Amino acid sequence: MKIGVLTSGGDAPGMNAAVRAVVRTALSKGMEVYGIRRGYVGLITGDIVPMDEKSVTDIIHNGGTILYTARCPEFRTAEGVAKAKAKCDELGIEGLVVIGGDGSFRGAADLSAMGMLTVGIPGTIDNDIACTDYTIGYDTAMNTAMELVDKLRDTSQSHDRISVVEVMGRGAGHIAVNTGVACGATDIITKEVPYSLDEIAKTMLEKKSRGKQNFVVIVAESIGNSQQIAEILQEKTGIEARATVLGHVQRGGSPTVRDRVEATRMGHYAVELLEQGKGNRVVGIKDSKIVDYDIQEALSMSKPYDVELHKMAEQIAF
Ligand code: ADP
Ligand code: F6P
């Protein structure tokens, strides 16, 4: 059997570990494996290279993706999907492992509808894929955010300031709430839980009167406006405030143990599915166990936000 592997959408630390697992598992089963560069772009243009054992040596500890990644508007069209399928047929590629997010899985479903065996692996720092408890890159991104907020706390403390820190997460507050808890933030602002800047400012002043001198506020990217939030809090409290947007630094760096292990498990399992002739599936992790779902079913699920964790953080913050 010949299979391909690609990474698509935003990169995430641990994608290389997944690529390595896919390639080595496939080779161990006597399959031929191709690496497709820059996601669906490479599938359309034919930027496809054979992978051997050595091609994935010394990558498990590296962030980013050796296969590169991209967003490919052409693949959203029927013509684009047909071109990609034709390229696979030309090379005899029957199965495809797609490492990416929901958008990439929609593309995989389109290819499935044309007769390709496709399996998705959740790879995004946002952890916003509903069919899995965990997405590759999430743990590393949160650890990076935590380390950076710890550094900001030092300077915020020295200056008796409010530090408003915006973390990534596109539409979801999972990174924000966990980083907030891990950093002992005074406030966490996400779109999933209603908030009032008036209330936050009032509470800050109460805490100040009880001796608190500096404040760390974590804001989810989906809220945005962290600069404006800092200005409003400064105006309402009279405490100097600074905003910091952590940005793409959260997407880089050497993957943590968790990311390497889960990426390896999911990569291995994806190839087993293809070997069994199963396609149109998404791999996930539920209650620490590897699971797989039909892509459409996976895309129709919704992921709960941990409101309890958010409220708990607020309850114990000072
Ligand atoms: P992610 O996979 O992280 O959600 P994107 O939403 O940017 O990232 O999607 C990555 C790529 O997947 C897109 O550039 C496009 O090529 C493909 N894709 C996204 N949405 C669709 C869709 N609805 N149909 C087909 N392909 C899609
Ligand atoms: O999906 C991962 C992510 O890093 C989001 O958290 C963020 O909103 C987005 O990608 C940024 O995308 P880009 O790399 O295109 O700026």
Side-chain angles (χ1 to χ4, degrees), residues 5-15 18 36-45 47 63-65 67-85 87 96-114 116 118-132 134-142 144-145 148 165-179 190-191 218-226 245-253 259 280 282-284 295-296 298-301 303:
V5 55
L6 60 81
T7 50
S8 170
D11 65 351
M15 280 185 164
I36 297 144
R37 292 199 183 118
R38 297 184 177 81
Y40 294 121
V41 174
L43 207 54
I44 289 175
T45 61
D47 190 359
T65 160
L67 293 178
Y68 305 92
T69 187
R71 297 202 165 90
C72 178
E74 191 182 355
F75 196 73
R76 288 169 178 263
T77 65
E79 296 75 34
V81 178
K83 274 193 206 169
K85 174 69 167 69
K87 192 54 78 180
L96 184 67
V97 178
V98 172
I99 305 167
D102 278 348
S104 304
F105 298 161
R106 287 197 177 87
D110 291 347
L111 271 176
S112 276
M114 295 197 67
M116 279 286 292
T118 61
V119 177
I121 295 179
T124 163
I125 64 163
D126 299 346
N127 204 29
D128 61 349
I129 298 179
C131 71
T132 182
Y134 194 74
T135 62
I136 297 169
Y138 183 46
D139 191 52
T140 307
M142 287 191 298
T144 300
L148 295 171
V165 192
E166 183 178 315
V167 299
M168 270 190 171
R170 193 147 53 180
H174 308 300
I175 294 178
V177 69
N178 283 285
T179 305
T190 66
K191 74 169 173 37
I218 303 292
V219 179
E221 181 186 8
S222 52
I223 299 282
N225 299 329
S226 42
V245 178
L246 297 186
H248 289 80
V249 69
Q250 294 162 98
R251 285 236 299 260
D259 275 321
N280 200 46
V282 177
V283 175
I295 295 185
Q296 279 77 16
L299 289 171
S300 70
M301 296 176 180
K303 188 163 209 162

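When reading the values below, keep in mind they use all heavy atoms of this one structure, side chains included, and skip hydrogens, waters and symmetry mates. Read the numbers this way: they start at 1 and go in the same order the structure lists the ligands and their atoms. Every value quoted in this text rests on a predicted model; they were computed, and no experiment measured them.
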Asks: Think Arg37 forms a cation-pi with Tyr68, using NZ or CZ under 6.0 Å from the six-ring centre and within 45 degrees of its axis?
Replies: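 No - Arg37 does not lie over the ring of Tyr68 by the 6.0 Å and 45° rule.
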Asks: I'd like to check which ligand 1 atoms, numbered from 1 as shown, lie under 4.0 Å from a non-hydrogen atom of Cys72.
Replies: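 Ligand 1 atoms under the 4.0 Å threshold to Cys72: 13 (C), 14 (O), 15 (C), 16 (O).
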Asks: To the nearest 0.5 Å, how far apart are NZ in Lys303 and NE2 in His174?
Replies: 5.5 Å
Asks: Quick check on contacts: which atoms of ligand 1 are under 4.0 angstrom from a heavy atom of Arg106?
Replies: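 Those of ligand 1 that fall under 4.0 Å from Arg106 are 21 (C), 22 (C), 23 (N), 24 (N).
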Asks: Decide whether an N or O pair under 3.5 Å exists between Pro73 and ligand 1.
Replies: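 In this structure, Pro73 places no N or O atom under 3.5 Å from an N or O of ligand 1.
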Asks: Between the side chain of Glu221 and the main-chain N/O of Gly169, is any donor-acceptor distance below 3.5 Å?
Replies: yes
Asks: To the nearest 0.1 Å, how far is atom 11 (C) of ligand 1 from its closest protein heavy atom, and which atom is that?
Replies: Ser8 OG, 3.6 Å
Asks: Applying side-chain contact (heavy atoms from CB on, under 4.5 Å), can you list everything that pairs with Ser300, at least two apart in sequence or on another chain?
Replies: none
Asks: For ligand 1, which atoms, with element, lie under 4.0 Å from some heavy atom of Gly103?
Replies: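 In order of number, 1 (P), 2 (O), 4 (O), 6 (O), 9 (O), 12 (O), 17 (C), 18 (N), 19 (C), 20 (N), 21 (C), 27 (C).
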Asks: What do we get for Asp110 next to ligand 1 when only non-hydrogen atoms under 4.0 Å count, side chain, backbone, both or neither?
Replies: side chain
Asks: How long is the straight-line distance from OG1 of Thr190 back to CD1 of Ile175, given to the nearest 0.5 Å?
Replies: 12.5 Å
Asks: Only heavy atoms of Gly101, strictly under 4.0 Å: list the atoms of ligand 1 that pass.
Replies: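 Listed by number with element: 1 (P), 2 (O), 3 (O), 4 (O).
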Asks: Should we count NZ of Lys191 as having more than 12 external heavy atoms under 6.0 Å?
Replies: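 Yes, NZ of Lys191 has more than 12 neighbouring heavy atoms, counting only those of other groups under 6.0 Å.
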Asks: Note the single closest protein heavy atom to atom 7 (O) of ligand 1, along with its residue, its atom name and the distance in Å.
Replies: Arg71 NE, 2.7 Å
Asks: Put together the list of close N/O pairs, under 3.5 Å, between ligand 2 and the protein, could you?
Replies:
unit_1	atom_1	unit_2	atom_2	d
ligand 2	1 (O)	Asp126	OD2	2.8
ligand 2	4 (O)	Arg251	NH1	2.8
ligand 2	6 (O)	Asp126	OD1	2.7
ligand 2	6 (O)	Asp126	OD2	3.4
ligand 2	6 (O)	Gly169	N	3.1
ligand 2	6 (O)	Arg170	N	3.4
ligand 2	6 (O)	Glu221	OE1	3.4
ligand 2	8 (O)	Glu221	OE1	3.0
ligand 2	8 (O)	Glu221	OE2	2.7
ligand 2	10 (O)	Arg251	NH1	3.1
ligand 2	14 (O)	His248	NE2	3.1
ligand 2	14 (O)	Arg251	NH1	3.0
ligand 2	14 (O)	Arg251	NH2	2.9
ligand 2	15 (O)	Arg71	NH1	2.7
ligand 2	16 (O)	His248	NE2	2.9

Asks: Identify which one of Asn178, Asp128, Asp259 satisfies the side-chain hydrogen bond (donor to acceptor under 3.5 Å, both in side chains) criterion when paired with Tyr138.
Replies: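 It is Asn178; the other options fail the test.
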Asks: For Asp102 and ligand 1, answer yes if some heavy atom of the residue is under 4.0 Å from a ligand atom, otherwise no.
Replies: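 Per 4.0 Å heavy-atom rule, Asp102 contacts ligand 1.
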Asks: Quick one: side-chain contact (heavy atoms from CB on, under 4.5 Å) partners of Thr69, sequence neighbours excluded?
Replies: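 Result, side-chain contact (heavy atoms from CB on, under 4.5 Å) vs Thr69: Thr7, Asp11, Thr65.
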Asks: With distance as the sole test, does Thr132 use its side chain to make a donor-acceptor pair with the main-chain N or O of Thr135 at under 3.5 Å?
Replies: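 Pair absent, no side-chain N/O of Thr132 close to backbone of Thr135.
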Asks: For Val41 and Asp47: C-alpha separation, side-chain torsions, deciding distance, then whether side-chain contact (heavy atoms from CB on, under 4.5 Å) applies.
Replies: CA-CA 8 Å; Val41 174; Asp47 190 359; over 6 Å; no
Asks: For atom 8 (O) of ligand 1, find the nearest protein heavy atom and state the residue, atom name and distance (0.1 Å precision).
Replies: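 Closest protein heavy atom to atom 8 (O) of ligand 1: Gly9 CA, 3.6 Å.
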Asks: Any donor and acceptor pair, going by atom type alone, linking the side chain of Tyr134 with main-chain N or O of Asp139 inside 3.5 Å?
Replies: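 Present.
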Asks: What are the atoms of ligand 1, with element, lying closer than 4.0 Å to any heavy atom of Gly107?
Replies: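 What qualifies from ligand 1 is 25 (C), 26 (N), 27 (C).
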Asks: Tell me which protein heavy atom sits closest to atom 2 (O) of ligand 1, plus the residue, atom name and distance to 0.1 Å.
Replies: Ser104 OG, 2.5 Å
Asks: Can you give the donor-acceptor pairs under 3.5 Å from side chains of residues 98-112 to other protein atoms, not counting sequence neighbours?
Replies:
unit_1	atom_1	unit_2	atom_2	d
Ser104	OG	Ser8	OG	2.7
Ser112	OG	Ala108	O	3.4
Ser112	OG	Thr118	OG1	2.6
Ser112	OG	Asn280	OD1	3.3

